[in-house]
Amino acid sequence: MKIATWNINGIKARIDTLLTWLKDASPDIACLQEIKCVDEAFPSELFEELGYNVAVHGQKGFNGVALLSKLPFDEATPRLAGDDEDEQARYLEAVVSVPSGVVRIANLYLPNGNPADGPKYDYKLAWMDRLKARAAELLTYEEPMVMAGDYNVIPMPDDVYNPAAWVDDALFKPETRARFRSLLNLGLTDAFRACHDEAHQYTFWDYQAGAWQKNRGLRIDHLLLSPQAADLLRSCEIDTAPRGWEKPSDHVPIWIELSV
DNA sequence: ATGTCGATACTTTATCGA
C-alpha cells in the first residue's frame, strides 16, 4: 500500500498537476494540504473518476486538508482535539480496512508559526502539544498508524541547506525541534530517516530567490509511523520531479510503501 | 541585496500568508 503526502498550495491552481501526478504515481492514499478552498469547492468528482474516495476538511482562502483513498473510509474525522475555539482546518483523520486489519491515517498541516516569537508561534507550539496528546492517545490503540503531512518542522541541521540562517525561524527554533523530538520519543518513527541517512534531502523549495535551481531546500514534510506501521515499512521516497514542472507547488510529494 | 506565488477584496492593485 502506497501512502503519499503533498502540500499542493491551492487545489484550484494545482488541479491539472495533481491529476497528472495521481495517474502516474497512483498512491492508494494521498494526504493533501493547503487546498485553500471550502468543502463544496473541492473537485471531488475528478478524483472519484480516478477511483478515489474523498474526504475534505476545507476552509476559505487558507489551509484546508483532504484525503484521497482507493479504499473506502471506515471513518473520516476532521479537527485536532484539544481546542474547540480553533477554526483553522488543519487535521483530518481516517481509518481504512486492509487485508491485515486496519490502517489509521492522520493528515495534518502544522502551523508555520512565523514570525517567531509572537502569537502565531504560540499557536504553533500549542498545536504541537495538541498533536502530541492525540499521538499518545492513538499509540494506545496499538495499530498501524501514519501521521503524514506538512509539519513545518526542520528536524535536524542536515535537513536544511544552511542551518545557520534558520536558527531564529519558527520551522527550526529549538522549541520547535524539541516538540518534534518529543513526538518521536513517544515511539513514532520518521519513515524517511528509517530508510535514508543521506543529508540534504528536501521536500520544499521556496518560490523566491531561485531556491529550486540552487537546491536550497528544507525537509519539512514527514510521515511518522506507529511501531505497528513501522513493522510494515518497505520504502520511503521523495518525488522531487513535480517541483520542476510548470506551475509547481513549492512542496513535492513524499510517500511510503507499507506491506499490509 | 534581491528575487515568488495563491487567494482575497469596499479588486484591476494592495494585502496577507507562506
Side-chain angles (χ1 to χ4, degrees), chain A residues 5-21 31-44 46 56-66 80 85-92 107-128 131 148-155 159-173 175-177 179-180 202-222 238 240-254:
Chain A
T5 176
W6 192 5
N7 180 325
I8 55 169
N9 191 20
I11 188 63
K12 198 173 290 183
R14 216 67 62 212
I15 185 62
D16 292 343
T17 302
L18 178 56
L19 291 171
T20 298
W21 182 79
C31 303
L32 306 176
Q33 301 89 37
E34 278 206 274
I35 62 171
K36 295 186 176 179
C37 70
V38 293
D39 292 8
E40 309 78 60
F42 192 77
S44 297
L46 300 178
V56 187
H57 180 38
Q59 181 179 346
K60 186 171 185 171
F62 304 103
N63 306 322
V65 288
L80 178 61
E85 307 296 302
D86 186 358
E87 295 300 324
Q88 300 192 29
R90 296 179 172 277
Y91 187 89
L92 179 58
N107 175 18
L108 64 101
Y109 175 45
L110 205 147
N112 176 295
N114 280 306
D117 298 315
K120 290 187 176 179
Y121 192 55
D122 295 341
Y123 173 66
K124 177 178 196 159
L125 296 181
W127 207 93
M128 294 185 85
L131 183 64
D150 176 1
Y151 279 73
N152 271 311
V153 175
I154 302 162
D159 293 315
V160 52
Y161 65 98
N162 179 13
W166 288 78
V167 287
D168 294 322
D169 192 277
L171 280 62
F172 192 57
K173 280 172 70 79
E175 300 94 320
T176 304
R177 293 179 59 200
R179 274 172 176 77
F180 185 79
Y202 306 134
T203 64
F204 166 92
W205 295 259
D206 200 284
Y207 288 122
Q208 295 192 68
W212 166 246
Q213 288 75 11
K214 296 172 185 170
N215 195 28
R216 293 187 175 179
L218 314 173
R219 189 173 75 91
I220 55 175
D221 299 271
H222 309 295
I238 300 168
T240 55
R243 190 62 180 80
W245 296 354
E246 291 278 302
K247 270 192 74 176
S249 170
D250 41 5
H251 295 251
V252 294
I254 172 172

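Protein chains get the first letters and strands the later ones, always in sequence-line order, with residue 1 at the start of each. Reckoned from all heavy atoms, side chains included, excluding hydrogens, waters and symmetry mates. This structure is a prediction, so every number in the text was calculated from the model and none was measured.
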Gap between atoms NZ and P, on A:K12 and B:dC5 respectively (whole Å): 19 Å

d(NE2, A:H251; P, B:dG17) in whole Å: 17 Å

A:V153 backbone acceptor or donor facing A:R177 side chain under 3.5 Å: no

Mutual orientation of the aromatic rings belonging to A:H222 and A:F180 [parallel < 30°, tilted 30-60°, perpendicular > 60°]: tilted

Between B:dA7 and B:dT12 - C1' atom distance, rounded Å: 15 Å

Nucleotide of B:dG6, B:dA18, B:dG3 approaching A:A13 most closely (side-chain heavy atoms): B:dG6

A:K120, nearest nucleotide to its side chain (from B:dA7, B:dT4, B:dG17): B:dG17

C1'-based separation of B:dA1 from B:dG6 [nearest Å]: 25 Å

Note, A:L125 side chain near A:R179 side chain (heavy atom, < 4.5 Å): yes

A:W21 and A:W6 aromatic centres sub-6.0 Å: yes

Between C1' of B:dC5 and CH2 of A:W205, the distance in whole Å: 17 Å

Touch class at under 4.0 angstrom, heavy-atom based, for A:A209 against every strand present: base

B:dT11 and B:dC16, which share atom name C1', separated by this distance in whole Å: 15 Å

Interatomic distance where CD1 belongs to A:I11 and C1' belongs to B:dG6 [whole Å]: 13 Å

Distance, rounded to the nearest Å, where A:Y207 contributes OH and B:dA7 contributes C1': 12 Å

Short side-chain N/O contact from A:R243 to OP1 or OP2 of B:dT4, under 4.0 Å: no

Sugar-phosphate only, base, or nothing, as touched by A:G210 at under 4.0 Å among non-hydrogen atoms: nothing

Rounded interatomic separation in angstrom, taking CG from A:D206 and P from B:dG6: 13 Å

Touch class at under 4.0 angstrom, heavy-atom based, for A:R14 against every strand present: sugar-phosphate

Whichever of A:K214 and A:R90 has its nearest DNA chain B nucleotide further upstream toward 5': A:K214

Distance between C1' atoms of B:dT15 and B:dC10 (Å, rounded): 14 Å

Phosphate OP1/OP2 of B:dA9 contacted by A:K60 side-chain N/O (<4.0 Å): yes

Qualifying residue, where the test is side-chain contact (heavy atoms from CB on, under 4.5 Å) with A:Q33 and the options are A:I8, A:T5, A:L108: A:T5

Pairwise 5' ranking along DNA chain B for A:I35 and A:Q208, keeping only the more 5' one: A:Q208

Pairwise P distance, B:dG3 and B:dA14 [rounded to whole Å]: 15 Å

Length of the line joining A:R216:CZ and B:dT2:P, which is rounded to integer Å: 14 Å

Integer-rounded Å distance: B:dC5 P and A:K247 NZ: 10 Å

Sugar-phosphate, base or nothing in reach of A:F204, heavy atoms under 4.0 Å: nothing

Donor-acceptor pair between A:Y121 and A:T176 side chains, under 3.5 angstrom: yes

